[in-house]
2 protein chains.
Amino acid sequence: MARAATTSDVFNAIAEPQRRRILVLLRAGERPVTEVAQELGLPQPGASKHLRVLREVGLVRDRRAGKQRLYGLDARGLRPVHEWTGGFEQFWNESFDRLDAYVRELEQARQEEQP
Amino acid sequence: MARAATTSDVFNAIAEPQRRRILVLLRAGERPVTEVAQELGLPQPGASKHLRVLREVGLVRDRRAGKQRLYGLDARGLRPVHEWTGGFEQFWNESFDRLDAYVRELEQARQEEQP
DNA sequence: TTGACGTATGCCGATATCGGCATATGATTG
DNA sequence: CAATCATATGCCGATATCGGCATACGTCAA
């Protein structure tokens, strides 16, 4: 192993809790950094930085509105994530069965230990 | 800001490309570390470490099988991610509209600049 | 222009991360 | 028990990350 991917990809962008909160907040509509920071209880520079990351991966767009800069959601980038996880949907339920099978195997193995 | 969440949560676990590859591979069935490493072209220690992370967040289970230790998928943990992203589904399409609106705004603003 | 507001950036410290390598630990078989 | 195969760990280096703080930059209004 020798260092690999980091930020600048959607999976990483949403790995950060604060950024997830920001995205959720922006579902309610565009907002200037200040408001984001305030509503989430974040320092302004922090909010700014997170928004930068989100912008770089394309999850957020910004537009000037006079003195302010409004940030708005662009959720299209989340679709791949949704689809990727969706690829495991059939396993969510199956997992239980597998777990059962596994447990049953254990039981059996234990019984065979002391015949 | 002062340090926050890291690994040990599903979002972070799947932020790593290699780990995503491992999960996909395990959809095809249980495998010992060696096979995972081999099929993905990873060094064994590397594979072991990634599997450890995946195990810690519960995306993977392991069971002994004689000399080997078989790793199997437990996709249940991916469900929250799927659902979280699903919460933005309605915005995937809407985003286009917003983009259009945004572009239109720009046009208008530009025209107002040179009347 | 000067000021005032809104926002981004730079630098720092603390801490994780991932990969590579060597090696320890575990289990099985002879 | 020794040898062997399977797997996990430890340690390292390079690099990111996130947060905090101060401060630069940008834009508008008087």
Side-chain angles (χ1 to χ4, degrees), chain A residues 1-23 25-26 30-57 60-72 106 109 112-113, chain B residues 1-23 25-26 30-57 60-72 106 109 112-113:
Chain A
M1 298 194 188
R3 195 88 276 251
T6 50
T7 189
S8 277
D9 101 273
V10 176
F11 278 92
N12 250 291
I14 66 172
E16 227 290 326
Q18 306 289 19
R19 286 196 285 262
R20 259 174 280 152
R21 293 179 67 210
I22 292 179
L23 290 176
L25 175 63
L26 289 183
E30 295 179 316
R31 268 167 184 65
V33 181
T34 313
E35 243 174 86
V36 172
Q38 196 179 325
E39 300 198 40
L40 297 184
L42 266 52
Q44 176 267 316
S48 244
K49 285 173 186 170
H50 283 308
L51 281 166
R52 184 164 156 67
V53 174
L54 291 172
R55 199 197 335 159
E56 284 173 350
V57 302
V60 139
R61 280 192 320 268
D62 65 306
R63 76 173 228 260
R64 300 215 92 79
K67 211 184 283 191
Q68 298 185 317
R69 181 182 289 263
L70 295 180
Y71 283 91
L106 283 185
E112 287 171 357
E113 270 170 17
Chain B
M1 297 195 189
R3 195 89 275 253
T6 51
T7 189
S8 276
D9 102 271
V10 175
F11 278 92
N12 250 290
I14 65 172
E16 226 291 326
Q18 306 289 20
R19 285 195 286 261
R20 258 175 281 154
R21 293 179 67 211
I22 292 179
L23 291 176
L25 175 63
L26 290 183
E30 296 179 315
R31 269 168 183 65
V33 181
T34 312
E35 243 174 86
V36 172
Q38 196 179 326
E39 299 198 41
L40 298 183
L42 265 52
Q44 175 268 316
S48 243
K49 284 172 186 170
H50 282 309
L51 281 166
R52 183 163 157 66
V53 174
L54 291 172
R55 199 195 336 157
E56 284 173 350
V57 302
V60 139
R61 278 192 321 268
D62 65 306
R63 76 173 229 259
R64 300 215 94 79
K67 210 185 283 191
Q68 297 185 318
R69 182 182 288 263
L70 294 181
Y71 282 91
L106 283 185
E112 287 172 356
E113 271 170 17

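Convention: sequence-line order gives letters A, B, ...; per-chain numbering from 1.
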Any donor-acceptor pair under 3.5 Å from A/Q68 side chain to A/L70 backbone:
no
Round to the nearest Å and state the distance from B/D9 atom CG to C/dA16 atom P.
14 Å
Gap between atoms CG and P, on A/N12 and C/dA16 respectively (whole Å):
17 Å
I need the CD1-P distance between B/I14 and C/dC18, as an integer number of Å.
13 Å
For the pair A/R20 (side chain) and A/A15 (backbone), establish whether a donor and an acceptor sit closer than 3.5 Å, ignoring hydrogens and angles.
yes
What is the distance from atom CG of B/L54 to atom CG of B/L23, rounded to the nearest 0.5 Å?
5.0 Å
How would you list, by chain and number, every residue that makes a side-chain contact (heavy atoms from CB on, under 4.5 Å) with A/Q38, sequence neighbours excluded?
none
Between B/R64 (CZ) and D/dT7 (C1'), how many Å, whole number?
9 Å
For A/R52, which residues count as a salt bridge (charged side-chain N to carboxylate O under 4.0 Å, His left out) partner, sequence neighbours excluded?
A/E56
Taking B/R31 for the side chain and B/V36 for the main chain, is one N or O donor matched with an acceptor at less than 3.5 Å?
no
Rounding to an integer number of Å, can you tell me how far B/R63 CZ sits from D/dA6 P?
17 Å
Write down the distance between CZ (B/R19) and C1' (C/dT17), rounded to a whole number of angstrom.
9 Å
Detail all sub-3.5 Å separations between protein N/O atoms and N/O atoms belonging to nucleotides 3-9 of chain C.
{"residue": "C/dT7", "atom": "OP1", "partner": "A/R69", "partner atom": "N", "Å": "3.1"}
{"residue": "C/dT7", "atom": "OP2", "partner": "A/T34", "partner atom": "N", "Å": "3.3"}
{"residue": "C/dT7", "atom": "OP2", "partner": "A/T34", "partner atom": "OG1", "Å": "2.1"}
{"residue": "C/dA8", "atom": "OP1", "partner": "A/Y71", "partner atom": "OH", "Å": "2.2"}
{"residue": "C/dA8", "atom": "OP2", "partner": "A/S48", "partner atom": "OG", "Å": "2.3"}
{"residue": "C/dA8", "atom": "N7", "partner": "A/Q44", "partner atom": "NE2", "Å": "2.7"}
{"residue": "C/dA8", "atom": "N6", "partner": "A/Q44", "partner atom": "OE1", "Å": "3.3"}

Can you tell me how far P of D/dC21 sits from CG of A/L42, to the nearest Å?
13 Å
